Participant: 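The structure follows.
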Amino acid sequence: MPFRESFTPVALKDTDVFKPLKVGSNTLSHRVVLAPLTRMRNVNHVPTELMVEYYRQRSSRSGSLLITEGTFISQQAGGYDSAPGIYTDEQVEHWKPIFNAIHENKSFGFVQLWALGRQSIPAVLARDGHKFVSASAIYMDDQSKEDAVKANNPIHALTKEEINEYIENYVHAAKNAIKAGADGVELHSANGYLLNQFLDPISNQRADEYGGSIENRARFTLAVIDALIEGIGAENVGVRFSPFGVFGTMSGVAEPSIVAQYAYVFGELERRASRGHRLAYIHLVEPRVSDLRLPEGEGVADASNDFIYSTWKGVVIRAGDYGVHPELAKADAAKGHSQTAIAYGRLYISNPDLPDRLYNGEKLNDYNRGSFYLPNSTGYTDYPTYQEAITNGFPSD
Ligand SMILES: C=C(C)c1ccc(C)c(O)c1
């Protein structure tokens, strides 16, 4: 893919984006973060050699923070065979060279802990002997319902005992991540996956202590966070939310209580911080990317995540089309008393040296959406650095 000619790069070297930032026990040299990006280059949930090179390339500017692709906490939490897990010794062994490569560049890596809930594939779960689960027995769409009926695996509301099993699996996965050499974990509570399904009344219509009110809908996510704090220490734990997201048939801005829901969660996390348990960061998906399937500029929700700064006094990471909005990266990195970092997704796929290019204001390689999820190096490790692009051009698609 050629350079992206549709916008003019702006050098960010003299902005807050390139000021150091302490995240947990790690001191980042800059605030360009690799966003968690599913890439489907694993085999039977085990990371491959190709992934070592992919993460090595993107950690090349020392002091970078990389958040890994969504990584399953257990087989029952998964359902996509080419996404990774971190619940077996074999998986842990195959994550180790990835974190060794990141650390050789003096950069840091957090594992995103993932549970699909109703975004899983009922037939795959049935194949492996697992239920198709969510907060309530509510399908995200007609296709999912059809797939579940065909697989004879109808959606099932998690029992309180099953919720406790999930909490144990999150802690087991987090301890495995640290064993594999990760610098921390990011709890995935965004983008319509399991924990988001509990936070949103569109998918959570439970009548027990996990549903029916703002406090009850937050209970599962907060219980996992408390277990992770106990298990690996608050400074090694981040969490991701998408307050205004609609991906996975979430409510987004259409739900009048959505700001109150997340303001409550942010307050609970600040309360824990005031007791000495401050998380490494809270990561937010911006309302300008409320529907993750859409290209830049589409699916923009009329809302703002800035309300977090009224409550949460720790590090914030913000993600959402910042690669094509350098002016927003500059402005947002200064927010929260300059404790905000900027996560980049699609353009970090196509620019392995993205932090250097943003520092210098250099042109960016465009990305090819068609190779996001292929099982090989095409569109994965074959994107050139800026100097390679200038000298050798681009590989043919
Ligand atoms: C938008 C997509 C496809 C997506 C995929 C995987 C994860 C973990 C996510 O949060 C979002």
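For ligands, and for the atoms within them, numbers begin at 1 and follow the listed sequence. Just so it is clear, the model here is predicted, and its values are computed rather than measured.
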Participant: side-chain contact (heavy atoms from CB on, under 4.5 Å) with Gln119: which residues, sequence neighbours excluded?
Facilitator: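 Per chain and number, Gln119 pairs via side-chain contact (heavy atoms from CB on, under 4.5 Å) with Tyr80, Met140, Tyr193, Gln197, Phe247.
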
Participant: So, does Ser107 use its side chain to make a donor-acceptor pair with the main chain of Ser59 at under 3.5 Å?
Facilitator: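 Yes, the answer is positive, given that a donor and an acceptor are paired below the 3.5 Å cut-off.
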
Participant: Does the side chain of Glu168 pick up a donor-acceptor pair with the side chain of Asn164 at under 3.5 Å?
Facilitator: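 No.
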
Participant: Check ligand 1 for N or O atoms under 3.5 Å from a protein N or O and list each pair with its distance.
Facilitator:
| from | atom 1 | to | atom 2 | distance (Å) |
| --- | --- | --- | --- | --- |
| ligand 1 | 10 (O) | His188 | NE2 | 2.8 |
| ligand 1 | 10 (O) | Asn191 | ND2 | 2.7 |

Participant: Determine whether the aromatic ring centres of Phe394 and Phe3 lie less than 6.0 Å apart.
Facilitator: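 Close enough - the centres of the two rings lie under 6.0 Å apart.
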
Participant: Of the non-hydrogen atoms in Phe110 and Asn26, which two are nearest, and what is the gap between them?
Facilitator: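 So the minimum-distance heavy-atom pair works out to CE1-ND2, 3.7 Å.
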
Participant: Would the His45 and Phe72 ring centres measure less than 6.0 Å apart?
Facilitator: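 Yes, the ring of His45 comes within the 6.0 Å limit of the ring of Phe72, centre to centre.
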
